[in-house]
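Input: a single structure, listed below in structure tokens.
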Amino acid sequence: MDDDKLLEILESSQEAEVRGRSDDERDPAETLGQLSDDALIEYMTNLSQGAKKDFTREEYFRDKEVKQRERDEATRAELGEKRVPIFAGCTIYINGYTKPGRLQLHEMIVTYGGKFQHYLLAKKKVTHIVATNLPLKKRLEFRNYKVVKPEWIIESIEQQKLLPWQDYALLWDQEQRNLQLNSTIHSNSTIDCKDPNFLKTFFENSRLHHLSNWKADLRSRFLSDGFNKPSRGDTLSIFHIDFDCFFATVAALSCKSCDIDRVPIVVCHGSKSSDIASCNYVARKYGIRNGMWVSRAKSLLPAGVELVSLPYNFKEIEEKSKIFYNVLKNYRIKFDLILPISIDEAVCVVINNHIPHPIDCDEICRELRSEIWKNTGGCTVSIGCSNTLVLARLNLKIAKPNGYYILTQEKMVENEADWDSYLGQFQIDDLPGIGYSIVSKLRSVRAHLNTLLQLKQCFYNSLPLLQKCVGKKTGTKILMSLEGKDDEETSRMIFEPESFFARKSLSIEINWGIRFDTVQEIDNFIDTCAEYLVQKLQEMNRKTSQITLKVLRRCANAPIEPEKYLGCGECDALSHNCRLGIPTSELGVIATELKSTFRLLGCPSKDLRGVSIQFNKLVEVSYDQNENQQRLKLPFQKTLNFDVFDNLPNDVKHDFSKELKRRNIVLTSSPRPKATYAGTYEEKFMEELPTQIRNEVKNDLRINRKIRKTKVDELREQNQRRKESIKNVRAHLLGHESLFEPIKFQKEARFKDICKIVMEWFDATLIEGPHEKDLLLFENYLDRLSDSNRVPLILRISKLISVRLNLKSNQYGQEVGFQEWEQFLLRNVIPKLNKNKHTFQTVRKLDIDFDI
DNA sequence: CACGATTGTCAG
DNA sequence: CATCGCTGACAATCGTG
């Protein structure tokens, strides 16, 4: 037993005494004690299945951690009420032996507002580590953390304030000295992707992250709010409303000294290679544009004119936006649709044939603009109004800044000359859907293409040419736009808003500040990202069945450090996706998959410049499926296959066996000697490693094992197997040899192999259902087992099928095949078990209840 | 050709 | 002091059998 473990056990008994709680309550398996029988067995089964993947020890401890935290909260409520929350925001881990002891420190931290981390698996969350001395290995492990002496806690409490950790740092080498130095000089402003808080800090300051997140929120709110859906034939009035240089306006409003109408203002972080998020119209007059670097913007200004750089004010932006959407929602004319485009932009739709009198668009535009201006304390919006989305958008362009413009499609095509002069006002990239890349493609056909009129004249009667140039759909879309009409895809926003705004994927992307040295560090980072995403996934009650990892790798000839500070520079993008057999929302599974995928992409750690994780195929965890799973729970759940127990991580077995004993839950089938692993080099090697390293090695071995056998091979094999199984089933229909002939006739066939065949057969027939004759043969086989007193084997087969049904219920629950298998299990297999209950009990001396 | 995987594009 | 180059949808293109 290693020190940590020993310490932990000692401490739990110590704590029990001090708090005066009963032994039972302080049991390390306390968590388990709170579960129902069913939940416990389910938990163990999950844990056991997961354990094969070496991962669930983490989940188990995470669970314990949660409970512990709840207790901490209680302690704080009890003792810490009147205490100053000195350690608010700190998450502290205590390493090894300390003086005063772990227990006392724990209580001090918790009562003074800090969080206490019991296990280091959530390393990234830990802000400080308390230790009196550290062995070399740990020094290495903790080198990027703030490691302090216990005196830091004690003296902070004595002085009733958080003292600088640097004064109490447990220094040991240059790296730690540097960490201290950096922290002292820049307090906490250093950006380092190895820092556990990097992601959080980055996102808090990233405009694009906020933009994306706001948009997602608005979309989901839209879907839950309710709306009137127009039909294709309806006549519509569409108002496209958009703030004028929103970020810049908001920033200027909170800066009394700057006049937004007179001085050029930009919103940005820095002074050189920083992106301009938003610039006012004075700045635009000089050619400054959003997205431009500050250095470029400055160079555009004539001598004597100073650029005013203002910081972001995300909070205020959210506030103004809330007001904006409220004005729209409460406007005297009820809009049938208020489609959120972004934080500062919405499309409002009125269905004219639903109302008795035609609406006055002009008046609406004026009213809305003044309402919004008043309510937001001085933000202006512009409005483009029409009967199609594309024209509303183009009209908005004309309206800006601080105006409105109304023109309908019919009006526009009435007179060709008017239409042409209208189109002549726009640059080609004013057309929605045309950006940098398509412009250059178009210009490769005709070099000096500038206005929409020129675009129209160039391609008016040559759709095929245009499609060859920019692609099929894009070509069609462009020509339709030039007639003022919306294409199919764009109209979906209005006519099928549910599907248009529904979320189809979930992703995270960081292409700034990424500088790593080792794969280990990258693994940690991937863990953090995965955790962030999985939390979102679970919040929206979804699972994913396909994951993509995309990385940016520095181009071979690109400089190590690009011009932009911590930017990604010139990169190649590499991506790889992997399909998961069963949809999941489990962090362990997902993070492991990602880490192994990263290795597949073969990007050198030091050349990594960007990371992106996408969950591509989302499935809803519906109430239906939960119900399904419940219904599938089988009568023998009060027993537990020994294998389930045996597969548990060694260090938690003890907890479980105690709990099982307490509840009189019995293990079925006798323990097999653990022949599979014992004596192998791997195992011996592992046994000699300290726990913390052992887990790391395990993880690495596992990942490597995965890589050796690539996903592609795996898929190929799966496919092959599936094809063969199906062939067998089909063959039967043609009167050929049955899948089950061998079982029936070759009594030597090993049970294990039979199980394998049954599973393959099961998998292959989940959709269409097993063949009747095969089922008869199978039942025949089961009867033979029954006759020869081998009931436990029947039990194992039924367990196998039931577990399998559970696993597949999400994906196949509705399929005929699935339901036929379920029926077969309930009607044909379970009764056999019940019939043999007596024999079974006698033979096995087990207490099993087969009530259905 | 049909497919799935990967890469590209756009918007705000 | 730098600086905070996200995210989701769909289209195009590539590779495979």
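Protein chains get the first letters and strands the later ones, always in sequence-line order, with residue 1 at the start of each. The analysis underlying the following values was restricted to heavy atoms, covering all of them including side chains, and did not include hydrogens, waters or symmetry mates.
When each of K397(A), R393(A), K400(A) is paired with D242(A), the side-chain hydrogen bond (donor to acceptor under 3.5 Å, both in side chains) condition holds for K400(A) and for no other.
Under the 3.5 Å distance criterion, the side-chain polar atoms of N541(A) are matched with a main-chain donor or acceptor of V621(A).
In terms of phosphate contacts, H209(A) brings a side-chain nitrogen or oxygen within less than 4.0 Å of OP1 or OP2 of dT7(C). Not one side-chain nitrogen or oxygen of R207(A) sits closer than 4.0 Å to the OP1 or OP2 atom of dT3(C). Residue Q546(A) places at least one side-chain N or O under 4.0 Å from the OP1 or OP2 atom of dA5(B). Residue S612(A) has no polar side-chain atom (N or O) positioned under 4.0 Å from OP1 or OP2 of dC6(C). One finds no side-chain N or O of K472(A) lying less than 4.0 angstrom from the OP1 or OP2 phosphate oxygen of dT13(C). Using a 4.0 Å cut-off, no side-chain N or O of T548(A) falls inside it from OP1 or OP2 of dT6(B). Residue N213(A) places no side-chain N or O under 4.0 Å from the OP1 or OP2 atom of dC6(C). Distances shown here put a side-chain N or O of T474(A) below 4.0 Å from the OP1 or OP2 atom of dA12(C). Between R393(A) and dG12(B) there is a side-chain polar atom (N or O) within less than 4.0 angstrom of OP1 or OP2. S575(A) has no side-chain polar atom (N or O) that falls below the 4.0 Å cut-off from OP1 or OP2 of dA5(B). Under 4.0 angstrom from either OP1 or OP2 of dA5(B) there lies at least one side-chain N or O belonging to R579(A). Proximity of S507(A) to the phosphate of dT7(C): no side-chain N or O atom is located under 4.0 Å from OP1 or OP2. An OP1 or OP2 oxygen of dG8(C) is reached within less than 4.0 angstrom by a side-chain nitrogen or oxygen of R503(A). Residue N511(A) places at least one side-chain N or O closer than 4.0 Å to OP1 or OP2 of dC6(C).
dT9(B) and dG5(C) have their C1' atoms separated by 16 Å, with the value rounded to a whole Å.
Salt bridge absent: E498(A) and R492(A) never bring a charged side-chain N and a carboxylate O closer than 4.0 Å. A salt bridge does not link K543(A) to E620(A): none of the charged side-chain nitrogens sits closer than 4.0 Å to a carboxylate oxygen. Between E316(A) and K320(A), at least one side-chain N (NZ, or NE/NH1/NH2) sits under 4.0 Å from a carboxylate O, which counts as a salt bridge.
Atom-to-atom, CZ of R219(A) to C1' of dC10(C) comes out at 12 Å; the value is rounded to the nearest Å. Separating the NZ atom of K441(A) from the C1' atom of dT7(B) is a distance of 11 Å, rounded to the nearest angstrom. Going from atom CZ of F198(A) over to atom C1' of dG5(C) covers 11 Å, rounded to whole Å. As rounded to whole Å, 15 Å separates atom P of dA11(C) from atom CD1 of I434(A). Rounded to whole Å, the distance from CD1 on I428(A) to P on dC10(B) is 11 Å. If you take CD1 of I276(A) and P of dC4(C), they are 11 Å apart, rounded to a whole angstrom. One atom, CH2 of W214(A), and another, C1' of dG12(B), lie 11 Å apart when rounded to the nearest Å. Atom-to-atom, NZ of K477(A) to P of dA9(C) comes out at 16 Å; the value is rounded to the nearest Å.
Residue E509(A) has its side chain nearest to dT7(C) when only dA5(B), dC4(C), dT7(C) are considered. The side chain of Y565(A) approaches dA2(C) more closely than any other nucleotide in the set dA2(C), dT7(C), dG8(C). The I508(A) side chain lies nearest to dT7(C) when the options are dT3(C), dT7(C), dG12(B). Comparing atom distances between the R492(A) side chain and each of dC10(C), dC4(C), dG12(B) picks out dC10(C) as nearest. Closest to the side chain of S212(A), from the set dT7(C), dT3(C), dC10(B), is dT7(C). Distance from the side chain of S342(A) is smallest for dG12(B) among the nucleotides dG12(B), dC10(B), dG8(C).
Residue I343(A) is out of contact with every strand shown, counting any heavy-atom pair closer than 4.0 Å. Across all strands shown, G569(A) has heavy atoms under 4.0 Å from base atoms, whether or not it also approaches the sugar-phosphate. Counting non-hydrogen atoms under 4.0 angstrom, F203(A) reaches the backbone sugars and phosphates but no base. In this structure, E489(A) reaches the sugar-phosphate backbone alone: every heavy-atom distance under 4.0 Å involves primed, P, OP1 or OP2 atoms, never a base. Counting any heavy atom pair closer than 4.0 Å across all strands shown, D344(A) reaches sugar-phosphate atoms only and no base atom. Residue contacts for G567(A): at a heavy-atom cut-off of 4.0 Å it reaches a base atom on one of the strands shown. Using a 4.0 Å heavy-atom criterion, one finds that G513(A) contacts no nucleic acid atom at all. Using a 4.0 Å heavy-atom distance criterion, E345(A) is classed as a sugar-phosphate-only contact.
Contact between L608(A) and I522(A) at its shortest, heavy atoms only, is CD2-CD1, 3.8 Å. Closest heavy-atom contact between N313(A) and S254(A): ND2-OG, 3.8 Å.
Comparing A502(A) and C568(A) against DNA chain C, the residue whose closest nucleotide sits nearer the 5' end is C568(A).
Both cation-pi conditions hold for R284(A) and Y281(A): the charged atom is under 6.0 angstrom from the six-membered ring centre and inside a 45 degree cone around its axis.
Heavy atoms from other residues, nucleotides or ligands lying under 6.0 Å from CD of E539(A) number more than 12.
Summary for the helix from dC1(B)-dG17(C) to dG12(B)-dC6(C): the axes at its two ends, each from 5 pairs, differ by 20° when rounded to the nearest 10 degrees.
Not a single donor-acceptor pair, N or O on each side, falls under 3.5 Å between the base of dG5(C) and the side chain of S206(A).
Residue pairs meeting the side-chain hydrogen bond (donor to acceptor under 3.5 Å, both in side chains) criterion with at least one partner in residues 292-301 of chain A, sequence neighbours excluded, are D275(A)-W293(A).
Taken from CZ in R579(A) to CG in N616(A), the straight-line distance is 8.5 Å, to the nearest 0.5 Å.
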